[in-house]
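So that the names make sense, note that chain A is the first sequence line, chain B the second, and so on, each numbered from 1. Values below: all heavy atoms of this structure, side chains included; hydrogens, waters and symmetry mates excluded.
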Amino acid sequence: MKLTIEVNGDRHDVDVDPETPLLWVLRDELRLTGTKYGCGVAQCGACTVHVDGRPRRACVTPVRSVVDKRVTTIEGVSGPTADAVRNAWVSIDVPQCGYCQSGQIMTAVALLTKLRRPSDDDIDHAMSGNICRCATYLRIRRAIHQAAGDAK
Amino acid sequence: MSETTKTRTGVGRRNFLVTSASLILGLTLGGRNAAAGGSPLTKVRGGDASPDLFIEIRADETVEITCHRSEMGQQVWTAMAQIIAEELEADWERVRVVQAVGHPRYGDQNTDGSRSVRYNFHRLRVAGGALRTMLERTAAKRWKVAPSSCRAVLGKVTHPATNRSISFGELAADARAQPIPTEGEIVLKKRADWRYITKPVKSLTVPRIVRGEGTFGMDVQLPDMLVAVIARPPRVFGKLKRVDDSQTQLVSGVVETVVLDTPTPPAHFQPLGGVAVVARNTWAALQGRKLLELEWEAGPNASYDSETYAQELMAKVREPGEVRRKRGDVAAALESAAERVAAEYYVPHLAHSPIEPPVATAKWDGDEVTCWACVQAPQAARKAVARVCEIPEDNVTINVTWLGGGFGRKSKPDFVAEAAVVARAVQAPVKLVWTREDDLTHGYYHAVSAQRLEAGLDAEGRCVAFLHRTAFPVIDSTFEAGADQPSWGELRLGASDTPFAVPNLQLETGRADAHLRIGWLRSVCNIYHAFAVQSFVAELAHAARRDPKDYLLTLIGPPRHVDPNKEGAEYDNYGSSLDDYPIDTARLAAVTTTAAAMANWARPLPNGHGLGIAAHRSFTTYVATVVEVAVDEEGRLAIVGVWSAMDAGTVVNTNHARTQLEGGTLFGLSNALYGEITAKQGIVEQHNFPAWRVMRMNEAPRHMETTIIESDAPPGGIGEPPTPPAAPALTNAIFAACGLRIRRLPIFGPDRRDRLAVKGVKQ
């Protein structure tokens, strides 16, 4: 079935089963491989993207449900908050293997967009859906606080 | 990978590939030296140090460094580049890294065992120093001055006497034609002059990761590539009895199904068999697999039941076992002790669950196959593919992508062999994807283990007899059908090397059959051995009414070097010599006192709080960890703080050593809190998160401090040593907080109530 979706500001025509999770459309059809597969059941957060600015698990989001919505991936997320998050991630050397970090960053950007000065409890609440097997949690927390201080 | 977008001309051979997404994976096999006469550096300590194997300088001043070890988050790209750039006197801003293919020419590429820096430090310094020497000689020749009057500094060769300088890029082509100097001609830089080594140089991968760039195994795309998933037999060595794929064939995008051969024991790195579903995209492959109708023969492991097995394993350590290390007369000392203490410990199977599951892509050209995969051991992958496909190893090229975590899983290349087999069957490039369910139910599991420790204390509470019995299904069983005896290589992981100053000490082992594929997982047997030994130390301290930290230091004893080989053990010291890397009790004691001081060990604590400590040497590195917990009346546990000190000898990158100390410690805490893989009727019961549970942000400690001990000793391991002390430090802290002694892991069961079985914690 032919669908049109908007990803990172560009419109794409795709011909897929409308039930296909957005994750596989991004990765296999649009070759946007920054969004990762980790579990397929919305338990690890590696596939987190923004749909109309809010974090969504692309692995359980049927592509039909994002027609007429704005999808943003790690490749396209931008603006002062995204910049502050990326800068903090780099200056603190947060990632180890990096595979989960697209999802961590997308969740962190969404958190800081909603809450400019999140508390540790806010961070726990927002980030606990994103598994990092390298366990970079201490640095993710620090980086979110740093980004909150830097974001204008 | 943008680091690899240029293909090499001239020296060396390049395998590269342009994909439809304009992604270029250029992967390097460093060529022989262009200069006639070959290299005099093929046999330096650690291997071949010929500079052209690792370094190419381009006319545009780019210094391209080939990393022959796999990048999986330990920042090995950065570390290897730091070592080479240091001796080369390269300008760090010009350094780029490319990933080596798997080839014996690089020497050992198996990126596990915490040995990338340990094995390659000297060799890579020599390689960098050799090319620096060649550049200096080239400049001297141009200027007609003595080479000793020229000096390489940050990407240029200078002649201070005449204030001239010339860039590496301008010299590179001529320098390459110079003879490679002998090791004796190369003057390595003095430690005091290091500008990169020991410094917190920024990661070369992180700036790309935060943009979603970089190519992991899962991200490989080839033109006309198909995607496959496999329905594997639910039990190891189970067989396919019948398959009906008629519903699968109806799924739009499914191309075909492939029945795979059933392997014969031992498992080694063979595909497990089953039925592959090959499709035009991942989703179609997954949907098609769901619709397969499958019947399996159970095979020889259908009786494996974790509950029963735990009892059998525990029974083994209650009986005398085979003596593997012996000092004095433990039996007599136990007999005459004023007090005897005994405790039994159990640690379950664990899964690696790297956040990127195993995945590999294969493309055939005649009887040659090229693979792209997230492998820790590309040469093992090359061998496995050659063996399974019955082709010469030279017909197999293994390109190594970034690894989305490894932890030991990705040094078992069964998934690469699967990709090659399926790609050959369908005569098209195939990406063979493992789902999380595949990863958790068809792993090479960390061994379940049972241990019993017994000690005799004298009237003053001093330990005079120390008996350690351990039993677990062995890694050898994966490579040799029926192997059931712990190897020296497993015992050296925290059992045969216990460094305690006790007059009578004995290690015994029991035999155990394996019913899953047993593999190595970050720090391997150190996980359970350190858990038992370091828990038992705290139990002895309690029995002796002594402070656990003081008692641990007493057991570690006076400064000395311990050699288990003198007491009947065969101890290989993680592949490093005991002369260079002794078991040094002074260093173990030093990290212990450092961690205790960091945690302010003797401070008064609130009710319900407790401090626990553990110290352990592994991979030639010393780590001590203190954990503070709080336990409330309901048995709720909070990890209040963690303090870790690590002495890894010379540390190439202090910042990344800290990230490993943090991550490795939390990895150990995660295992201890939640980690358990169980089997019923031979089938693994945990299919995905959260049934297999790993630590999340809200469960991680909020406070952790790390100290990297400054040391001139040769570099030790970094990636694994932080893990072993974490679990016993945690359970010792829980005992200190509420009197509950945890001897069976994980701490929390599958009910997810997360309550400790405490009665009346004072608040």
Problem set entry | A:Glu75/B:Arg211 under salt bridge (Lys or Arg N to Asp or Glu O under 4.0 Å): CA gap, chis, key distance, verdict | CA-CA 6 Å; A:Glu75 291 92 345; B:Arg211 305 201 158 274; over 6 Å; no
Exercise. Will you find, in the side chains of B:Gln75 and A:Gln96, an N or O donor that is under 3.5 Å from an N or O acceptor?
Worked result: no
Problem set entry | Toward chain B, the part of A:Trp89 with a non-hydrogen atom under 4.5 Å | both
Exercise. At a heavy-atom separation under 4.5 Å, does A:Asp17 approach chain B through its side chain, its backbone, both, or neither?
Worked result: side chain
Problem set entry | Closest non-hydrogen atom pair, B:Phe667 against A:Ala135 | N-CB, 4.4 Å
For this session: Report, as yes or no, whether the 6.0 Å neighbourhood of atom NE2 on A:His125 holds more than 12 heavy atoms from other residues, nucleotides or ligands.
Result: no
Exercise. For B:Arg436, does its backbone N or O pair with a side-chain atom of A:Tyr37 as donor and acceptor, under 3.5 Å?
Worked result: yes
Exercise. Are any of the side-chain nitrogens in A:Asp121 or B:Arg702 under 4.0 Å away from the carboxylate oxygens of its partner?
Worked result: yes
For this session: Please report the C-alpha distance between B:Arg280 and A:Asp28 in whole Å, then the side-chain angles of each, then the deciding distance to 0.1 Å, and finally whether the salt bridge (Lys or Arg N to Asp or Glu O under 4.0 Å) criterion is met.
Result: CA-CA 9 Å; B:Arg280 302 215 174 278; A:Asp28 287 354; over 6 Å; no
Exercise. Given the options A:Cys100, A:Gly34, A:Gly76, A:Gly38, which has more heavy-atom pairs under 4.5 Å with chain B than any of the others?
Worked result: A:Gly38
Problem set entry | Lys/Arg-Asp/Glu bridge criterion (N-O < 4.0 Å) met for B:Arg696, A:Asp124 | no
For this session: Report the option among A:Cys44, A:Cys134, A:Cys39 that has the most heavy-atom pairs separated by less than 4.5 Å from atoms of chain B.
Result: A:Cys39
Problem set entry | Residue B:Arg658 versus chain A: region with a heavy atom under 4.5 Å | both
Problem set entry | Residue, of A:Val94, A:Ile105, A:Val41, A:Ile74, that accumulates the most heavy atom pairs under 4.5 Å with chain B | A:Ile74
Exercise. Measuring heavy-atom distances to chain A, does B:Ser353 have an atom under 4.5 Å in its side chain, in its backbone, in both, or in neither?
Worked result: both
Exercise. By a 4.5 Å heavy-atom criterion (distance strictly below it), what part of A:Ile92 contacts chain B: side chain, backbone, both, or neither?
Worked result: backbone
For this session: Answer with side chain, backbone, both or neither: which region of B:Ser670 has an atom nearer than 4.5 Å to a non-hydrogen atom of chain A?
Result: side chain
Problem set entry | Side chain / backbone / both / neither for A:Ile131 at chain B, heavy atoms under 4.5 Å | both
Exercise. Between A:Thr136 and chain B, which part of the residue has a heavy atom less than 4.5 Å away: side chain, backbone, both or neither?
Worked result: neither
